[in-house]
Protein chains: 2
Amino acid sequence: MATGRTHRPATRSRGIPEATVARLPLYLRALTALSERSVPTVSSEELAAAAGVNSAKLRKDFSYLGSYGTRGVGYDVEYLVYQISRELGLTQDWPVVIVGIGNLGAALANYGGFASRGFRVAALIDADPAMAGKPVAGIPVQHTDELEKIIQDNGVSIGVIATPAGAAQQVCDRLVAAGVTSILNFAPTVLSVPDGVDVRKVDLSIELQILAFHEQRKAGEEAGAGTAQQAAAARSDAADQGPDGDVPAVMPA
Amino acid sequence: MATGRTHRPATRSRGIPEATVARLPLYLRALTALSERSVPTVSSEELAAAAGVNSAKLRKDFSYLGSYGTRGVGYDVEYLVYQISRELGLTQDWPVVIVGIGNLGAALANYGGFASRGFRVAALIDADPAMAGKPVAGIPVQHTDELEKIIQDNGVSIGVIATPAGAAQQVCDRLVAAGVTSILNFAPTVLSVPDGVDVRKVDLSIELQILAFHEQRKAGEEAGAGTAQQAAAARSDAADQGPDGDVPAVMPA
DNA sequence: ATGTCTTTGTGAACGCGTGCACAAAGATGG
DNA sequence: CCATCTTTGTGCACGCGTTCACAAAGACAT
């Protein structure tokens, strides 16, 4: 998972476990798809399959929200969509600012998934004066000097940081000081924030490294057991070392 | 955290817990920074602070790798950088393909964090014939027809999917069939893959929804207890409803 | 050599999350 | 109204991950 929770150790928020909260958006997506196909009801088994989870887990997750199902029938799709939306706070409008309009920031601004669920890009902010006024995704970029004013005028409580790592903590501090209490961080840094502020991070590099670990392990197992050579054979230059073999100390920067 | 593990239920890979693997890149980043500042050794306490984790957790994590510390002194930075790099498989080259060169795909291609740790963008692939040959981040985009050939010629085992949701499963199937065994999925879909293939997903929309949940909870608590009005007051139009109040059924699409 | 001080490595307890398996609930048909 | 069948909701047990707390290990000074 490309995400990590910081702070809020594992406090059940009003009885709903954190792990369940993280799955609600998944259920909601599957349910929305069913709703668009005008499917009236769905069983836990079907919905679980669509969301890629265990059906018992799904039922237990829903049980935290209340008893919204009908035994022998399943769940009412529309009703469940509404209940989950409400639980996640998606029935209200969430203005969001994106700070750092580089390649990634621009991509995020253009991302459709933002607007679709109650999230509205209230402003794009960048430190480069040359960017100021230039429209990205139809929204003019504003300079960092305006940050505090933008946050306050728009009542923004969610900020997205897409700056270089070096600027992230500073931007974070300013966002928090201006009233932001939830931060989605794309910069490869550990942000420190005061109590009561939620930070979630998305880190491409970490995800790739985790994949590489498992990939290496697979390659090692293949080499160890005599089976399944095809993948190992296809790889050309992969420096066929054992998983534990001591290799010359060539380290990436 | 914008990531979720699919498959591989919780199998310790050669004794190293999954949770530990997910933190190793964090430690590595902190250690690399220390290394650049020529710091020779570091204590578990200092390093833990830099990585944003508990020091006991860090020590236990390192204990899975072996006994690399010196009691009374701490850990040798250079040695630890090397050991973790090796454990994560970063001492070898990992060619990666990015499929779907839209806004996000292009941003990923331009992302510096790729190249820095042994990951090399071997090819960019897009279904749009008009994109073919056009250079993005200095690499010419190739058409989807070439996918299988590219994978095999370059020995690619890690694929990044940045296509629209509708195309993701199909692209995934082709990647897997061609030999890819690790996938980083940015498309908002649940991918189904055969055993032995790892999928990690990065989903902006899910992260925002989780933040919204906690944000809503915070607002509710504030309203409930009579304290800390300043944040609630700053918010202008935020539809000041209780956390449980029944509201008119206005749902986002 | 001996004592002191720092810091690691880990045994043990605890809590969260997961999944099984089943009883309860309701729909449906006769 | 009763029997049957489907599907929910949940009690329970298990395992992973986290954290505490401390003994063991080594550095360093005397």
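Please read all numbers here as calculations on a predicted model, not as lab measurements.
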For DNA chain D, the residues among residues 23-30 of chain A that have a non-hydrogen atom under 4.0 Å from it:
none
Applying side-chain contact (heavy atoms from CB on, under 4.5 Å) to A/Ala50 and not counting sequence neighbours gives A/Ala30
Which residues satisfy the side-chain contact (heavy atoms from CB on, under 4.5 Å) test with B/Ser55, sequence neighbours excluded?
B/Ser44, B/Glu45, B/Ala48, B/Arg59
Could you check how far CG of B/Asp61 sits from C1' of C/dT8, rounded to whole Å?
14 Å
Given protein heavy atoms under 4.0 Å, the one-letter contact record of nucleotides 25-30 of chain D, with B base, S sugar-phosphate only and - none, is simply BSS---
Checking B/Arg29 against A/Asp203 for the salt bridge (charged side-chain N to carboxylate O under 4.0 Å, His left out) test, could you report, in this order, the C-alpha distance in whole Å, the side-chain angles of both residues, the deciding distance, and whether it holds?
CA-CA 12 Å; B/Arg29 180 178 294 155; A/Asp203 195 317; 2.6 Å; yes
Without hydrogens or angle criteria, can the side chains of B/Tyr79 and B/Gln83 be said to hold a donor-acceptor pair below 3.5 Å?
yes
Which donor-acceptor pairs under 3.5 Å do side chains of residues 182-189 of chain B form with protein atoms, sequence neighbours excluded?
{"from": "B/Ser182", "atom 1": "OG", "to": "A/Glu215", "atom 2": "OE1", "distance (Å)": "2.4"}
{"from": "B/Asn185", "atom 1": "OD1", "to": "B/Ala187", "atom 2": "N", "distance (Å)": "2.9"}
{"from": "B/Asn185", "atom 1": "ND2", "to": "B/Ala187", "atom 2": "O", "distance (Å)": "3.1"}
{"from": "B/Asn185", "atom 1": "ND2", "to": "B/Thr189", "atom 2": "O", "distance (Å)": "3.2"}
{"from": "B/Thr189", "atom 1": "OG1", "to": "B/Ala165", "atom 2": "O", "distance (Å)": "3.4"}

Specify the separation, in whole Å, of atom CG of A/Asn54 and atom C1' of D/dT8.
14 Å
CG of A/Leu47 versus P of D/dG9: gap in Å, rounded?
12 Å
Round to the nearest Å and state the distance from A/Arg59 atom CZ to C/dG19 atom P.
12 Å
Distance-only side-chain donor-acceptor flag, A/Glu36 / A/Thr32, under 3.5 Å
no
What integer distance in Å separates A/Leu58:CG from C/dC20:P?
14 Å
Is there a donor in the side chain of A/Asp61 and an acceptor in the side chain of A/Tyr27, or the other way round, less than 3.5 Å apart?
yes
In whole angstroms, how far is the C1' atom of C/dG17 from the NZ atom of A/Lys60?
9 Å
Tell me whether the OP1 or OP2 atom of D/dG17 has a side-chain N or O from B/Tyr64 closer than 4.0 Å.
no
Got a donor-acceptor contact below 3.5 angstrom from the A/Lys201 side chain to the A/Val190 backbone?
no
If you take atom types as modelled and just measure distance, does the side chain of B/Lys57 reach the base of D/dG17 with a donor-acceptor pair under 3.5 Å?
no
Base, sugar-phosphate, or nothing: which does A/Tyr75 touch, judged by heavy atoms less than 4.0 Å apart?
sugar-phosphate
Using only side-chain N and O atoms of A/Tyr68, determine if any of them is under 4.0 Å from OP1 or OP2 of D/dT7.
no
Listed by chain and number, what are the ring pair (Phe, Tyr, Trp, His ring centres under 6.0 Å) partners of A/Tyr111, not counting sequence neighbours?
none
What is the separation between atom CD on A/Glu45 and atom C1' on C/dA21, rounded to the nearest whole Å?
14 Å
